[in-house]
There are 2 protein chains.
Amino acid sequence: MLPKKTRYAIKALMVLYPTFESKRPMRISDIAENEHIPKKFLEAILLDMRKIGIVNSKMGAQGGYYLSKHPNEIFLSQVIRFTGGPIALVPCVSLNFYEKCEECADETTCGFRDVMREVRDASLHILSNTSLADLIKRERNLENKKKSD
Amino acid sequence: MLPKKTRYAIKALMVLYPTFESKRPMRISDIAENEHIPKKFLEAILLDMRKIGIVNSKMGAQGGYYLSKHPNEIFLSQVIRFTGGPIALVPCVSLNFYEKCEECADETTCGFRDVMREVRDASLHILSNTSLADLIKRERNLENKKKSD
DNA sequence: ATAATTTCTATTATATTAGTAGACTATAAT
DNA sequence: ATTATAGTCTACTAATATAATAGAAATTAT
């Protein structure tokens, strides 16, 4: 399960989507209110997103947050890794958070690990090829489909 | 990440593999010691595995645990779900642990949910088609490959 | 009858996640 | 310049979930 932090982060980025073109910053408090995210928590999350160059901020009156990276190049894998940790189900197959298996005598011949690697590859394939722009596209598609029913 | 409980469970089942044919029970304390699993924790885990009919136990002297279901029909998905919870990354796409999304206005048009559904399907496809017997086969294969190097 | 082994109920410890508080800093508008 | 606005930073607290432990009770082989 992804932690709330990750889900809030993605939700917030989706809300910030229009700011990439408009360049008009959005206030944390507005996003927090509209999306039902605790404001202080969201502050911390956006600060993290800024650290990895996905968003930028402007202090003071008329300030706020805006996307600083093209929505085509903001990938779910990056957001998840930075806010929620590993995509893999076990540390011994994690690419970014690898830890040696405690109980395994020999990792290289562990059958379970082998399967876990497959699962990781399958998930990662999707997550590292889905961008923020894709999320928005999907949403539009689903909305249109719904209307036409 | 899968909790230790799940990893211990799978490890234990792999160790119990030969008991399906031999029908000779293995002691909890032996498994615990060999696999570096806290004994009391493993007791609880095996009790759970018994509840879902994967293993059976015999009390008293010469007692212990043995597989009661064919290794071809013990699937990772079942073990994970019973010991570690959802396979999905968000509750709103979980088949067995569904929860309504708190922040989403309309789940059916949520772009993120749509991707999460894809990830779940990809993971589930692997996990519900991989059996305990497959794990053992893989392990044998990896061991043989290694030897021939 | 005894020793071996699982079962059951309760409790404790540890780690992780989620959320809060408040002082500090930068900016725009006047 | 002053003021109101809005993000930044450091520290703390609360809630929840995971991991591990303790010990008495029940069952079975010898």
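Numbered from 1 within each chain, the chains take letters A, B, ... in sequence-line order.
Shown for residues 53-61 of chain B: residues whose heavy atoms fall under 4.0 angstrom of DNA chain C, namely B:Ser57, B:Lys58, B:Met59, B:Gly60, B:Ala61.
Looking at A:Glu43, its side chain never comes within 3.5 Å of a backbone N or O of A:Ile28 through a donor-acceptor pair.
For the pair A:Asp48 CG and C:dT17 C1', the computed distance is 14 Å after rounding to whole Å. To the nearest angstrom, P of C:dT5 lies 15 Å from CG of B:Leu42. What separates CZ of A:Arg24 from P of C:dA28 is a distance of 15 Å, to the nearest Å. Here D:dA4 presents its C1' atom at 11 Å from CD of A:Gln62, a figure rounded to the nearest Å.
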Protein-nucleotides 20-22 of chain D N/O pairs closer than 3.5 Å?
| unit_1 | atom_1 | unit_2 | atom_2 | d |
| --- | --- | --- | --- | --- |
| D:dA20 | OP2 | B:Tyr8 | OH | 3.4 |

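The 5' end of DNA chain C is approached more closely, in terms of each residue's nearest nucleotide, by A:Lys5 than by the other of A:Lys5 and A:Gly63.
Looking only at side-chain heavy atoms (C-beta outward), B:Asp48 and B:Lys5 come within less than 4.5 Å of each other. Residues B:Arg7 and A:Pro91 have side chains in contact (heavy-atom distance under 4.5 Å, counting atoms from C-beta outward). Residues A:Thr83 and A:Pro3 fail the side-chain proximity criterion, which asks for heavy atoms closer than 4.5 Å.
Among the atoms of the strands shown, only primed sugar atoms or phosphate atoms (P, OP1, OP2) are found under 4.0 Å from some heavy atom of B:Ile28. At the heavy-atom level, B:Leu47 lies under 4.0 Å from the strands shown only through sugar-phosphate atoms. Nucleic acid contact for B:Met1: none, since no nucleic acid atom lies under 4.0 Å from a heavy atom of the residue.
Once rounded to the nearest 0.5 Å, the distance linking CD1 of A:Ile31 with CG of A:Leu16 reads 4.0 Å.
A cation-pi geometry, defined here as NZ or CZ lying under 6.0 Å from the six-membered ring centre and within 45° of its normal, does not hold between A:Lys100 and A:Tyr98.
Which of C:dA18, D:dT8, D:dA19 sits closest to the side chain of A:Tyr65 comes down to D:dT8.
In terms of phosphate contacts, B:Arg50 brings no side-chain nitrogen or oxygen within less than 4.0 Å of OP1 or OP2 of C:dT6.
Grouping the Ile, Leu, Val, Met, Phe, Trp and Tyr side chains by contacts below 4.5 angstrom, directly or via other members, places B:Ile80 apart from B:Val90.
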